[in-house]
Amino acid sequence: MKITAIETFIVPPRWCFVKISTDEGISGWGEPVLEGRAASVAACVEELSDYLIGKDPGHIQDHWTVMYRGGFYRGGGIHMSAIAGLDQALWDIKGKALGVPVHSLLGGQQRDRIRVYSWIGGDRPGDTARMARECGDRGFTAVKMNGTEELQFIDSHDKIDAVLERVQAIREEMGPDFGIGVDFHGRVHRPMAKQLAKELEPFNLMFIEEPVLSENAEALREIANHCSTPIALGERLYTRWDFKSILQGGYVDIVQPDPSHSGGITETYRIAAMAEAHDVALALHCPLGPIALAANLQLDAVCYNAFIQEQSLGIHYNKGSDLLDYLSNPSVFEYDDGFVAIPQGPGLGVEVNEEKVRQAAAEGHRWRNPIWRHADGSFAEW
Ligand SMILES: O=C(O)[C@H](O)[C@@H](O)[C@@H](O)[C@H](O)CO
């Protein structure tokens, strides 16, 4: 079998899909995207396609190595997201060619389903207790929300009080066992992160996410040593080399690589295994589209340390189109009791509605995240 064409589709709300076609009529789909940089990732896919076209799609490990090591410069969000989407599509082709799901090629599923959580509250967290109740009524047993709005390096305590009030309201509404993840979203700097992490401790959160940016590893160590809440991070780390020092340092309890950012199924599987060897859990990051979610579920099937899965149905980013809109078999993601079943169809297990994708790509998108400013006019992390 030979790869004959590689096409990208930039589709609303903020995604990019890739289709790899072959001379045997089998095609594979992937989702190479870094939110806000979709066109840059698509350009990188196009550059990598010079090497892939004409090759046998079955040699995934070798293609991965060449795409990663073969350009001299390596790593980072754009390159690794481009490799990610191509890698997903290559696995999709292999599964379809052999008539089996990707998890079967990775040794077979070790779970039937995985717990999922829902986003609540939006960019500026508000109305979170009511939204948590709505999620609970739909069967979800866990939610995630942004902790704060803009936060200065040193800010007033009322911002922390507001976070505590929101979390307390969810606890009162949903009870002690409901899963609550609080995403600090890189908005919080070390001095406030220490306070916030400590004051959130009594609420027994499922995790706090990116308490500080992952590049501030010394600050992470400080927080990890002074707080019993599990610490999650990893959506802005892209390779096993990026995760190496974080795992060795013992700064993290849950890794959250994104299989559309961290080199696809091939690399994320290795990152998950590295985490398992440090007794660290896996909660794959996926505020993205349906092909990405399908790739995530293939990994959840085979990674022992996976305990929950992010998914984007109804997320604040999905304006105009949502998770199920580009699928011919949307029932593959029916949630039941707060869980989603591992897909059993060949390849990634989703059937992409290509006509819909082509129509949507004609519209495209130019999604960018907001630029926030503090009251004094200086830039604020979003
Ligand atoms: O955990 C999550 O889902 C993320 O923090 C998510 O909100 C961001 O990564 C967003 O996608 C950036 O554009």
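Atoms within each ligand, like the ligands themselves, are counted from 1 in listed order.
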So, are [X] and [Y] salt-bridged, with charged N and O less than 4.0 Å apart?
X: E134; Y: R130; value: yes
X: E24; Y: K96; value: no
X: E267; Y: R270; value: yes

W372 six-ring face occupied by R187 cation (under 6.0 Å, within 45°)
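Verdict for W372: no cation-pi partner in R187.
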Does NZ or CZ of K55 lie under 6.0 Å from the centre of the six-membered ring of Y51, at an angle within 45° of the ring axis?
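Verdict for Y51: a cation-pi partner in K55.
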Name the residue from L34, D258, L323 that meets the side-chain contact (heavy atoms from CB on, under 4.5 Å) definition with L288.
D258
Distance under 4.0 Å, heavy atoms only, partner ligand 1: which residues pass?
R14, E35, W119, K144, D183, H185, E209, E235, H285, P287, E310, Y317, W367, W382
